[in-house]
Amino acid sequence: MSDDHGAFGALLRELRVAASLTLEGLAEASGVSVRGIGDLERGLRAAPQRRTVAALADGLGLAEADRERLLATARAGRGRGYSPSGVRAVPRDIADFVGRTRELASLAGFAETARRSTEGDAGQVTVAVSGPPGTGKTTLALHAARELADRFPDGQFVVDLRGMDVDPPGAAELMLTVLRALQVADRDLAQAGPQGHPGLYRQLLAERRCLLVLDNARDEGQVRPLLPGTGAGMVVVTSRRMLTGLESVYRLPLGELTPAEAAAFLTGLVGVERAAADPAALAEVARLCGHLPLALRVAGNWLATRTGWPVRRLADRLALEDRRLATLSSGDIEVSAAIDLSYRQLTPTAARMFRRLALLAGPDTGTASAAQLTGQEMFDTEDTLEELVEAGLLGSDGERYRLHDLLCLFARTRLAADESAEAVGRAAAALDDWLLETTIVAGRWFEPDHGALPAGWRGTVDLSSADLARRWLKAESADWLAAFRRAATAGEHARVVDVAEALHWFSDQWVSWVHWPEVFNTAAESAHALGDPLLEATQLNYHAWALLVCEGRPHDSVARAGQALTAARRAGDLPQEAWAHQYRAWASRELGDHEASGDDVVRAAELFEAAGDVHGSLQCKHSHALSLMAQGRSEEALESYRRAYAFLEEVGDRIDPHAAAIIRLEMHCTMGMTYAQLKQWDQALEHMWTAVHMCHDTGNTSLESRRLLDLGTVLLDAGRPAEARGVYSRVLTLGTDADPRAVTEARERLDGLRGA
């Protein structure tokens, strides 16, 4: 309150005491409520309008001089704007507001809808702005109110609903606050009585073109009575909750800022010169703040008040996960305190789920994984997750749920504080057991001699098809990989090998995943610890494949295949000895050592035939054709491809269908490239397109991106740059499952074609 407001209250009290009247006595004499008089005397309410002052003067029985003195003091108090307790004025501007272009445009559109509406023709426009703690909901609403002021000539009012309070005000109290802000005299309020306030409230808001911001709502029950329903005004409700129970409202969910917006926000707080001195550190601070406006403001305030600090110093402090939330505290603004307000309002079941979500390593999760954390049934788990979504503590995208980085850190602190180490350990162990068991079952869909689910398997995830298994393995990869690592650290070597073995053929379905070398190297170390040379040879061979195909390291692949060969000979196992020769041949071919490659291919073919391994024999035939192509012996290579393809058709169902699909599409691609060597473009492109279509049809996006690059090369060589541009552009549309290296190369090739 201003000093003028306090002056009016002090004068009113002085005159009441001089008249020997109690609050109740003056209320009865003037018709102004006891609470209204008390708020005025304590300076909790701005000076009232003239007719209320006149009623008070009459009740006090003031002489003319004192009456004029009271009126003059009231006028001085009103001169700075009417602002009853609980109602804020819209700020003239918010200097550091950045971004939110889409949201502001939406609010402007809603305001235009309100402008066109008239009483009786349309309901009043209501917009619910929701989002997690610290996303800047209030700031957006206030900025929008300022920007849209000319659309609402009868005023803009901001009412704090105090939704995070232990005992927030009820609808009747809030309604009375708005009525006073609309300058309804206390006499009129008293005459209408509490039962008449709702009708008076709706009537006044229907008649006026006002923008009413109901800030920080607790729930639907608090908000619903405050929605006028008709008129040409607009109501903006901000809440951490989604308020899904409200009907006929426009919804505007709010998340974190974009990286560029976050950097701009920090720059505005710390200054252009400091930000420009180390833009990488500034971007890192923004990232570690999760691009959350509240965290960014705290970080910016830290730097603004510590002018000697380089931005890098704060970035290094924030990089310490166990100290990050403590660092994000400035004065009375604490990120953790803001989150805690929402956490305290959760049911015990939802609070436990929220805490235990911190045990997950991935950026998001599905219902089945979350169910393992609490032991709930699937339907109950979904209800609990949706409670967290409704509370603004969990994001959702389709069937996936995402916990913001800073919320995850807070959940971790609550997990340590609110649960025993034993309970947390049991939950983590149960999660790991489930993840690894499900990974093995899902991976075996692609393994020869396995395929469909084992009889009697009753899992909580739908793995009834290879496609569903593929989706689960990709979606939950961060979590099962973390469980895999923990198993290795704990010395669970047999389990580690089982998981890697189950994923061997699946790895062909996702060659761009960067962790295959780690998976198979870890499994090789576990096999060595078990003292089993056959298992060791097998995992060393897989690692040789991963080094070559996933990381492009042929020298290391040759060395690893050599180690696998040694282990296979110790084990006396012909198939693994053959695979070691096959992988070494492949890596040698990439190095241009065709003589060594040829020797290994011949030996591998002999061993595969002796072992009766049709998968290996097929790979050898394809490898021989590739070697001929690499040496420029195109006609011989084509004949070799035809023989390999005929062998594939001959062995038929003896080849696993997933392995057959991979080798078939690869042969089409390499046959196309061989035809391109001969400049037989029609045949080349026919085979190349066939390979691309097969990748797409089988859902192998990683290989599709690689094969599209090969197709683009052939199109350019054929003098068809426009078609090549289309192919490279298609690579950029494949999404996150595409090989990142293929995406980068496609973008570079497109840039080159534009400059040509």
Apply ring pair (Phe, Tyr, Trp, His ring centres under 6.0 Å) to residues His668 and Tyr645 and explain how you reach the verdict. CA-CA 9 Å; His668 274 293; Tyr645 208 90; 5.5 Å; yes
For Ser702 and Ser512, run side-chain hydrogen bond (donor to acceptor under 3.5 Å, both in side chains): C-alpha distance rounded to whole Å, both residues' side-chain angles, the deciding distance at 0.1 Å, then the answer. CA-CA 6 Å; Ser702 292; Ser512 61; 2.6 Å; yes
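Using a cutoff of 4.0 Å between basic side-chain nitrogens and carboxylate oxygens, Arg664 and Glu649 are scored as salt-bridged. Ion pairing between a basic and an acidic side chain is recognised when a charged N comes within 4.0 Å of a carboxylate O; Asp710 and Arg707 show such pairing. A salt bridge is defined here as a Lys NZ or Arg NE, NH1 or NH2 lying under 4.0 Å from an Asp or Glu carboxylate O, and Arg471 with Asp467 meets this definition. Between Glu745 and Arg741 there is no salt bridge, since no side-chain N of the basic residue sits under 4.0 Å from a carboxylate O of the acidic one. The pair Glu492-Arg486 does not count as a salt bridge, with every side-chain nitrogen at least 4.0 angstrom from each carboxylate oxygen. Between Arg444 and Glu447, no side-chain nitrogen of the basic residue sits less than 4.0 Å from a carboxylate oxygen of the acidic one, so the salt-bridge criterion is not met. In summary, Arg754 and Asp751 engage in a salt bridge, as defined by a charged side-chain N under 4.0 Å from a carboxylate O. Arg100 has no carboxylate O lying under 4.0 Å from a charged side-chain N of Glu261, or vice versa, which leaves the two without a salt bridge. Salt-bridge annotation for Arg402 and Asp364: absent, with no side-chain N of the basic residue lying under 4.0 Å from a carboxylate O of the acidic one.
For the residue pair Asp600/Gln582, the side-chain donor-acceptor check at 3.5 Å is not satisfied. A side-chain donor from one of Arg560 and His543 sits under 3.5 Å from a side-chain acceptor of the other.
Side chain of His622 to backbone of Tyr641: no donor-acceptor contact under 3.5 angstrom is found. A donor-acceptor distance shorter than 3.5 angstrom exists from the side chain of Asp479 to the backbone of Ala361, with no hydrogens or angles considered. Side chain of Asp532 to backbone of Leu535: a donor-acceptor contact under 3.5 angstrom is found. Ser597 places no side-chain N or O within 3.5 Å of a backbone atom of Asp593 that could act as its donor or acceptor partner. When atom types are taken as modelled, the side chain of Ser705 and the backbone of Asp739 share a donor-acceptor pair closer than 3.5 angstrom. Within the 3.5 Å criterion, the main-chain N or O of Ser623 finds no donor-acceptor partner in the side chain of Ser627. Judged by distance alone, with hydrogens and angles left aside, the side-chain atoms of Trp472 form no donor-acceptor pair with the main-chain N or O of Asp462 at under 3.5 Å. Formation of a donor-acceptor pair under 3.5 Å by the Thr701 side chain with backbone atoms of Ala738 is not found in this model. Of the possible donor and acceptor atoms, none in the side chain of Ser369 sits under 3.5 Å from a partner among the backbone N and O of Gly366. The main-chain N or O of Ala442 is never found under 3.5 Å from a side-chain atom of Arg470 such that the two would form a donor-acceptor pair.
Considering only heavy atoms from C-beta on, Leu548 stays 4.5 Å or farther from Tyr583 through its side chain. Looking at Tyr675 and Gln677, their side chains never come closer than 4.5 Å, going by heavy atoms from C-beta outward. With a 4.5 Å cut-off on side-chain heavy atoms, Arg569 and Leu565 count as touching. Here the side chains of Trp689 and Val727 are in contact, with some heavy-atom distance below 4.5 Å. In this structure, the side chains of Arg643 and Phe647 stay at 4.5 Å or more apart for every pair of heavy atoms. Side-chain contact between Glu525 and Asn521: present, with at least one pair of heavy atoms (C-beta onward) separated by less than 4.5 Å. By the 4.5 Å heavy-atom criterion applied to side chains, Leu257 and Leu292 are not counted as neighbours. With a 4.5 Å cut-off on side-chain heavy atoms, Gln619 and Trp579 count as touching.
Rounded to the nearest 0.5 Å, atoms CG (Leu547) and OG (Ser557) are 6.0 Å apart. Expressed to the nearest 0.5 Å, how far CG of Asp573 lies from CG of Leu534 amounts to 4.5 Å. Rounded to the nearest 0.5 angstrom, Glu704 CD and Leu709 CG are separated by 11.0 Å. To the nearest 0.5 Å, the span separating SG on Cys695 from CD on Gln509 amounts to 10.0 Å. Atom NE2 of His696 sits about 6.5 Å away from atom CZ of Arg730, to the nearest 0.5 Å.
The aromatic rings of Phe520 and His504 lie perpendicular to each other, with more than 60° between the two planes, well past the 30° mark.
Sparse packing is recorded around CD of Glu399, with 12 or fewer heavy atoms of other residues, nucleotides or ligands lying under 6.0 Å away. Atom NE2 of His693 has more than 12 heavy atoms from other residues, nucleotides or ligands within 6.0 Å. Counting non-hydrogen atoms of neighbouring residues, nucleotides and ligands closer than 6.0 angstrom, the NE2 atom of His528 reaches no more than 12 such neighbours. Counted within 6.0 Å of NE2 on His594, heavy atoms from surrounding residues, nucleotides or ligands total more than 12; the atom is thus considered enclosed.
The side chain to side chain contact (heavy atoms under 4.5 Å, CB included) with Cys550 is formed by just one residue from the set Trp510, Trp545, Trp513; it is Trp545. Among the candidates Val601, Val602, Leu607, Asp599, the single residue satisfying the side chain to side chain contact (heavy atoms under 4.5 Å, CB included) test with His581 is Leu607.
In summary, the aromatic rings of Phe484 and Trp480 are positioned with their centroids too far apart to meet the 6.0 Å limit. His291 has its ring centre no less than 6.0 Å from the ring centre of Phe265.
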